[in-house]
Amino acid sequence: MILMTELIHPDRLAKLERMREAGIDPFPARGVDSTPVADVQAGGGTNEEPGELIDTKVTIAGRLMGMRDFGKLIFAPIQDRTGRLQVGIQKGRIEKGPTPDWWPERKFLDPGDLVSITGELGWTQKGELTIWAEEVKLLSKALAPPPEKFHGLADKEVRYRRRYVDLWASEGVRDVFITRSRILSHIRSFLESRGYLEVETPTLHPVMGGATALPFSTHHNALDMELFLRIAPELYLKRLIVGGLERVFEISRNFRNEGISNRHNPEFTMLELYQAQGDYTHMMEISETMISGAATDILGTTEVEFRGATYNVQAPFQRERYDALFEKHNEGVSIHDEDAVAARAKELGVTVAPGLGHWKLVGEIFDETVEPHLAGPIFVTHYPSAICPLAKPDPTDTRFAERFELFIGGMELANAFSELNDPILQMEKFEEQVAMKDPETPGEVDVDYVQALEYGMPPAGGLGIGIDRLVMVLTGQDSIRDVLLFPTMRRQGADESEAESEAEPTNEASDEAKPAKSE
RNA sequence: GGGCGCGUAGCUCAGUCGGUAGAGCAACUGGCUUUUAACCAGUAGGUCCCAGGUUCGACCCCUGGCGCGCUCACCA
């Protein structure tokens, strides 16, 4: 348990007391009407061409980012969500303003405080746009000192845990999240313009499905029922295609109980969309048009820097068949030759659980030998049917499915297929999955989903795009944590009981001192 | 889960062949009306991540733990 007295810095607490004694409210109830800093800057123009706001009175509100105190003049940068602007606080102007007795109160201000400044917009001798303050209002006192003004927050742990500081104290962080929001906005308007309906399907699933992944499980008390946090919305969205909504999408938070890495977070955001009368080729067109359009609209270019390389996300993207890529990177190994594939797997040291077949091995070899070379953007098409339980087989060669994955920078960004709508074939594939008894595959057949297919699902294309990864590529961030406002972290400062249960094998020291105790 | 690395003042970081620690910023006091990480003088601020061990003595060495980063494995 952290006490308030441990959090608050004594020197600021003392200042708070002095302020209250002086009759100042450190946390006033109301804010002020103000102009965004960026608008003030736009209205200020340049020295050569002063804008219409010069010599007029403006009010800005934001965080006091520092103070350069010259005795009777203080320069201070003020930052709001749109930018940063200098204010100049002069004793003489304050004393002629609406609060002539304020000047001594400047001593109560600290970097990090939230303030508003009203005054005339002008210039300094060095030509910097500056508001010459007539009135300074404290809007909220900061009791915790801000990070060092030059370096900002450098410790990644602190940055992720205290994003509320990182967002204003570290350069560029806010922009990443503004861009993320614009990307989502672009996606919504793009899909709506094509007649898609945004829908919301359950997060709590009675039967896991739609992907292979370990789920989080939970329990509903009133129904006394085990539920899984969704690993994918796919099966519900396709029920809606059966239901005749024809074009649907969901921006879905999915939960997978697996490792954390620079590309994986236990909860992540996925766009899934389904289109009746569509197939995987339509999904390719949607992917490339949407991504390329987002880049053009938001970044103003389709050239993006990611992990030290430049990628051009201009549509159309390259397309290559899975088997061709496999054989190109594994010379002399035919994808259908079980012995050659097994030999190649041995050579690479690739293993799969016994009982899993030839195609699983092919998949492992592909991941190992091909994926790292997929700079992209590239659509890899025609995955082996055997590893695609929800995709429709290619009618010209049913060993492969009408499916593609999109790669950029060796990272999978999207997965799509012509949806399997044959209920009997779907039932067979589900039963195969259940028989595998793999904790990452469903433990039971989703009978209701098969029943939905029995009513008839039109031919349809479906697409899933990893939104976090797309944002990584478009904002040039190496780690998924840098595009998530609050990435999943281990809990800090857990109390004794919890710390103990995790560290249980370390009790040997007390063995003989402890009488037998029922556990 | 494995490997490597990191954890020192509110922040950014030094440091000690093992003799209980420093700088800059922030804070406090004083000075300064045009700075841009302002400057000048002074003051204060530390469970050196935690627990054991070795040692006359541990922030430093050893063992274990906790947290984080990078990376491998798995996946999207």
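Note that the structure is predicted; figures quoted are calculated from it, not measured. Reckoned from all heavy atoms, side chains included, excluding hydrogens, waters and symmetry mates. Chain letters run A, B, ... following the sequence lines, proteins first and then strands; every chain starts at 1.
Here the separation of G24(B) from A14(B), taken at their C1' atoms, is 11 Å to the nearest Å. Spacing of C1' atoms, C61(B) relative to A23(B), comes out at 27 Å, to the nearest Å.
Seen from the ring of Tyr383(A), Arg403(A) counts as a face-on cation partner, given the 6.0 Å and 45° thresholds. Figure legend: cation-pi geometry between Arg321(A) and Phe400(A), with NZ or CZ positioned under 6.0 Å from the six-membered ring centre and within 45° of its axis.
Side-chain atoms of Gln90(A) and base atoms of U34(B) include a donor and an acceptor less than 3.5 Å apart.
Ranking U12(B), C32(B), A27(B) by closeness to the Asp69(A) side chain, first place goes to C32(B). Counting only heavy atoms from C-beta on, Phe70(A) has its side chain closest to C32(B) among C32(B), A37(B), A27(B). The nucleotide whose nearest atom lies closest to any side-chain atom of Arg481(A) is, among G24(B), C70(B), C74(B), C70(B). When each of C32(B), A27(B), U34(B) is scored by its nearest atom to the side-chain atoms of Lys15(A), the top-ranked nucleotide is A27(B). Looking at the side chain of Tyr160(A), the nearest of the listed nucleotides A27(B), U36(B), G69(B) is G69(B).
Base-pair partner of A51(B): U63(B) (Watson-Crick or G-U wobble, both distances under 3.5 Å). Here G45(B) sits opposite no nucleotide as a Watson-Crick or G-U wobble pair (both hydrogen-bonding atom distances under 3.5 Å). Figure legend. C4(B) is base-paired to G69(B); pairs are counted as Watson-Crick or G-U wobble with both atom distances under 3.5 Å. Using the Watson-Crick or G-U wobble rule with both distances under 3.5 Å, A23(B) pairs with U12(B).
Of the possible polar contacts, one joining the Glu148(A) side chain to the His151(A) backbone as a donor-acceptor pair under 3.5 Å is found.
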